[in-house]
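Heads up: the structure comes next, in structure tokens.
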Amino acid sequence: MTVFSTSPGTRDILAPDAARWRQFQEIFASVVQDAGYQLIIPPMFEDLGVFLRLGEATEVVTKEMYDFEDKGGRRIALRPEQTASVCRAFVEHRPTTPWKVWYSGPNFRYEKPQQGRYRQFDQVGIEVLGVEDPLLDAEVIALAATFFTRLGLKDVQLAVNSLGDDGDREKYSAALHEYFSANLAQLSEESQITLTKNPLRVLDSKRREDQVLINAAPKIRDYLSADAANHFDSVLRALDALGVKYAIDDRLVRGLDYYRRTTFEFVSTALKAAHTAIGGGGRYDGLVEQLGGPATPGIGFALGLDRTLLACDAENVFAAPNTNVSVFVVDTTGGLHAAQVCNLLRNNAISVDRAFDNRSMKAQMKAADRSGAAIALIIGTDEVAAGHIIVRPMNSGQQYAIAQDQLVAAIRSELQK
RNA sequence: GUGGGCGUAGCUCAGUUGGUUAGAGCGCCAGGUUGUGGUCCUGGAGGCCGGGGGUUCGAGACCCCUCGUCCACCCCA
């Protein structure tokens, strides 16, 4: 008999972690919905073409795509991220702007799994389409910061940068290419290859031998157009006004090719791992156009759920919520009375579980203890004969009998304590 | 895709230079306790030692392959 296990890079999220996930998503939802963002649920797979717009130089597109042909002969891909889907949805439905949406769900990338990196990984995020105002950039960044704070995270650092407009990017990219080419011998082999594909990405190299060269490389800020420079300056001033702490990082280029102007990244300094970026985003003015829509500015961020939870673990905050029932019914008379009591309590919105298979009282009490319930209700032959039920608060060491018709009230008052 | 570490009970792990019937703790089940959990005591269930091949009289230990997992590189959330 073959025993199956999860595919590489995927896993089962069981209790108590699963409840924590849900709580995470609920907190995120409340933060962004209170800021006017509406939930969008795009499909998990789309026409491959949607994601090819993310850029030919991105490995997310060239190497890591989960793509396949469906039975209708369509080229399909599991989404590697959700920004492209949101833009596609915008073009498809043409909602009025500003369009502020949030999402939560799994994405897929065919990568080698390691700590904080899975083939199926969850992100929560927001996107806004149709607004150019730098104050929106600041709002978006501030919301992410607010969310991290809400989770209880403290060791999170924000890095910001501007990649300029299309023309700026090209000029800067050319300048980088020239600079690195002139010092090619000092560059690592990997970075030399990266240079031919996307010079900007060389700045992202973590290889030690590249660092000296990278540190002395031309800065993007010297290549920004007046418009882009002003925009960036306004974003920074707004962040200051909002009290959001940040550091400007000239080397922050981010992985996807569609970014323009503002980019940002949140890093957990509590994480001792290769992957410390727990969230990031930026502007992608132009992406909607690439997907066949009208010229529309866009900005957003995505936060990695798994990584953020790792950061929470590292800081020892945001524990899994308690999902225990309040009451556990022990019935040694066959179980039918327990069924009736459970039904009664559930109809009165009191959470309750019970034991099955008519096990011994000792076994059922053990189950009651394990359930974490605050109260055990005990029904034996004596109780049935007397027409009452024993109420046993689990931590008191005491218990008392109560008539059936007063049970709900008794439990309510007991749970108040 | 590249490199390294690790795969023994549900979980965490022991298991000597290859040598009888593979162990511990926790968890689980039952009993001690003829109705009462969390402490304690006793007992029990539970293993194709990841899979395949090889070396050997003999392999959980050694060799090869493979799969999985973890970590790092690459890249990214």
Side-chain angles (χ1 to χ4, degrees), chain A residues 1-11 14 54 57-64 80-83 104-125 144 188-191 193-194 197-198 201-202 204-210 253-256 265-268 271-281 301-311 328 330-333 355 357-385 390-399:
Chain A
M1 185 71 160
T2 309
V3 178
F4 294 103
S5 55
T6 55
S7 296
T10 69
R11 63 239 210 274
L14 308 175
L54 300 177
T58 9
E59 295 207 335
V60 168
V61 171
T62 56
K63 285 172 59 181
E64 302 169 0
E81 55 123 50
Q82 296 188 238
T83 304
S104 169
N107 304 318
F108 307 86
R109 292 181 195 172
Y110 194 88
E111 299 184 273
K112 191 139 176 178
Q114 67 187 73
Q115 185 176 88
R117 191 174 73 183
Y118 305 95
R119 288 183 178 173
Q120 177 180 328
F121 63 102
D122 263 63
Q123 287 183 331
V124 295
S188 68
E189 228 171 281
E190 290 84 353
S191 291
I193 296 169
T194 306
K197 293 192 222 156
N198 184 347
R201 198 72 47 67
V202 175
D204 248 350
S205 167
K206 276 192 290 187
R207 308 197 137 275
R208 190 160 296 161
E209 61 262 45
D210 294 337
V253 292
R254 314 240 344 113
L256 300 164
E265 194 166 279
F266 290 90
V267 169
S268 167
L271 284 177
K272 302 273 182 291
H275 303 119
T276 55
I278 56 177
F301 67 69
L303 312 181
L305 209 152
D306 317 84
R307 282 191 198 175
T308 304
L309 287 180
L310 283 176
F328 195 96
V330 171
D331 175 0
T332 57
T333 69
D357 293 335
N358 199 28
R359 303 219 284 153
S360 70
M361 171 160 293
K362 178 173 173 161
Q364 290 193 50
M365 282 302 295
K366 228 175 160 176
D369 187 44
R370 256 199 305 265
S371 76
I375 300 167
L377 297 180
I378 300 169
I379 305 168
T381 43
D382 295 355
E383 285 69 35
V384 172
I390 290 175
V391 177
R392 182 180 174 86
M394 289 301 273
N395 285 325
S396 70
Q398 295 175 348
Q399 61 189 37

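Just so we're clear, the structure is a prediction, and the values are computed from it rather than from any experiment. All chains are named by letter (A, B, ...) in the order of the sequence lines, taking the proteins before the strands, and each is independently numbered beginning at 1.
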Practice item. Let me have RNA chain B in dot-bracket notation, would you? Count Watson-Crick plus G-U wobble pairs, both distances under 3.5 Å, and use [ ] for pairs crossing earlier ones and | for inter-strand partners. Key: (((((((..((((.....[...)))).(((((.......))))).....(((((..]....))))))))))))....
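- In this structure Phe301(A) satisfies the ring-ring contact (aromatic ring centres under 6.0 Å, His included) test with no other residue, sequence neighbours excluded.
- Ranked by how close their nearest RNA chain B nucleotide is to the 5' end, Ala273(A) and Gly9(A) are led by Gly9(A).
- A donor N or O paired with an acceptor N or O is not found under 3.5 Å between the base of rC74(B) and the side-chain atoms of Arg201(A).
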**Study point:** Under 4.0 Å protein heavy-atom contact, by nucleotide of nucleotides 1-13 of chain B - B base, S sugar-phosphate only
**Key:** BBB----------
Point to revise | Letter per nucleotide, 5' to 3', of nucleotides 26-32 of chain B [B base touched, S only sugar-phosphate touched, - untouched; heavy atoms, 4.0 Å] | key: --SSSBB
**Study point:** Derivation and outcome, side-chain contact (heavy atoms from CB on, under 4.5 Å), residues Leu377(A) and Ile390(A)
**Key:** CA-CA 6 Å; Leu377(A) 297 180; Ile390(A) 290 175; over 6 Å; no
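- Considering every non-hydrogen atom in both Val202(A) and Ser191(A), the closest pair reads CG2-O, 3.7 Å.
- For the pair Glu111(A) and Lys63(A), the minimum side-chain heavy-atom distance is 4.5 Å or more.
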Could you go over nucleotides 43-46 of chain B and give all protein N or O partners under 3.5 Å, atom names and distances?
none

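- Residues Arg117(A) and Arg109(A) form no side-chain contact, since every pair of their non-hydrogen atoms from C-beta on lies 4.5 Å or further apart.
- Residue pairs meeting the side-chain hydrogen bond (donor to acceptor under 3.5 Å, both in side chains) criterion with at least one partner in residues 357-380 of chain A, sequence neighbours excluded, do not occur; the list is empty.
- When the nucleotides rG37(B), rG68(B), rC70(B) are ranked by their closest atom to the side chain of Asp369(A), rG37(B) comes out on top.
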